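Read through the structure below, which is laid out as structure tokens, and then see the notes.
What you see is a predicted model; the values in this text were computed from it and never measured.
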Amino acid sequence: MSLTWRALGALAAIYPPVAAVVGLLLFSRAGRPRLRGQGLLWAGLGLLTLPICLDAVAGTAGRPALTEALDILLVAVCAIAGSLLARAGGSLRDLSPGMATGLVVVGVLSTAQWIVEGGRASGWTSHANIWGAVVVMPLAMVAAGPASRTAVLASFLAAYAVSITSGSRASLIGVTLVLVGTLGRAALSGTLTAPARSRGRLLVAAVAGAALLAALAGLQPRAWRTAVEALRELPSSGTGERVLGAAQALGVTVEVSDRGTLLLTKTRPEGWSRVQWPMVMFPGTLYATYWEVRHEDPAAVPGVLGVVRGDDTIELSLGETGWTAAAGGRIELVEAAVTDMDGGWTGIALAFRSNADVPLWMWIGPAPDLGGGATAATLEVREVRGVVGGLSELERSSSPTPLSPGTAAALARLSAFRAAWRAFLAEPLFGHRGTSFSDYYRANPPDQNTAVPSHAHNELLQSLFQRGLVGTSGLVLVLVWFARVMRRGGEGFAAWLALVPAIAMNAVDTFLWSARMLGFLVLVASMAVAHRSRQAGRPA
């Protein structure tokens, strides 16, 4: 039976819903779970489900609503499975060794993937940040539980390996918070002392592991780009019009040459790349832009691209038959003129207007390669003029200072936060059901130029945008239930060790659902409440 619990613990560390389903199958005959002490949980899940039910009644429930319903269902399955596992005689202490094993497996897999494929390890998840976040909650449970010092040390080394190879700064912060909490408790309780022989072995293992992690971090530069760098460099980007006029680099590097021109070099092996400025278009008003560009990559497709959303685009690109201009959606192309100049330079002039009934925000700029090829490409820009963002003329192409990765990330987060908060104020009760965050962001852009995000980069703000106060209150109830149940079950330290990193990480991204943190917490807490009831002689 110990092997079964170890396997379930490993599955819980890797993917909690799978552990829940396997637990249901293994212990389906253990008895009928009686879910006492879970009123707050089911009330919270009910509030989370209410906006989806309203969409279904109104006939507006689309694929996002179905995906959200599935996520809530998986959390409910974790709650039922946790109660059933405890009824079958299990507890968090039984799962803890398996969680340590699962963390080591994930650490080895992440390191192997990083060595073989390069870049950022993402495992079987859709994004490297999600992969890095997966390890934090299981690590908190192992560190708080009765696991041996060797298992705890191995778990921390594995978690740091995942964080480094995935390049997830949020995960690094989460793992470090768990480490600080663990060491703080050990220092206060006096459990840092150990026999000299055992202490020596652990010290050697810790030093060797730290050296290995340092080597990995040295080969993964993104691991060192922390929020400290972003905050330090933030003032260099300027404020007001300078931020609005600063170039937005998407898949390119931006450098100022000795001649004062702007060099745009494609960095993605495949796919589009461009630099953009924001441009507001009012109905019926004629707008014009002018660019002087030069390219030296015959296999690339350089050009100028403007995008509002969906089919609302304007594009001028160089192909085998020469320059071709086209507009789509609500954008009307009035005129396009291309002039060959000395030294291989090309002058590009575009005139266009919006046929929409409302003002539109367009992001428009030069692109080293619009063809999406795998070849390298560089585009040189020396002159940019037009009407952009309400300014009478664009700043010269050489004047904006290229933003560092840390600064660009910080500006993107701030823009996403502001957009989500404005969206919540517009629809405070049930949120923007059926609207993706990226679509809302394009239609209501912030006052600075950043890439369009797919979500709010903050779990609370994303929930307020998506579910409003009703759904978000349900999410808060689930977290309150977790803390309350764990404290009553004598696992108060484990609750704090999990919640503090979770809150910190979800302040800069959305991990509760994407990294299955919520399912893990519910599985653990459901086991705790049912185990306490079983010990007290009450039905679970």
**Report entry** Salt bridge R330-D357, side-chain N to carboxylate O under 4.0 Å
**Finding:** no
With a 4.5 Å cut-off on side-chain heavy atoms, are [Y] and [X] touching?
{"X": "Q38", "Y": "S526", "answer": "yes"}
{"X": "L461", "Y": "F424", "answer": "no"}
{"X": "I14", "Y": "W124", "answer": "yes"}
{"X": "S171", "Y": "V136", "answer": "yes"}

Requested in this report: Decide whether S436 and Y441 meet the rule of one side-chain donor and one side-chain acceptor closer than 3.5 Å.
Outcome: no
Query - Distance-only polar pair, side chains of N129 and R120, donor-acceptor under 3.5 Å - result: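 The criterion, which ignores hydrogens and geometry beyond distance, is satisfied for R120 and N129.
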Under a 3.5 Å distance rule, please check whether [X] uses its side chain to pair with a backbone N or O of [Y] as donor and acceptor.
{"X": "T472", "Y": "S463", "value": "yes"}
{"X": "D509", "Y": "F511", "value": "no"}
{"X": "E332", "Y": "S354", "value": "no"}
{"X": "N506", "Y": "N458", "value": "no"}
{"X": "S110", "Y": "G107", "value": "no"}
{"X": "Q113", "Y": "S122", "value": "yes"}

Query raised in the report: Parallel under 30°, tilted from 30 to 60°, perpendicular over 60°: which one fits the rings of F465 and H432?
Result: parallel
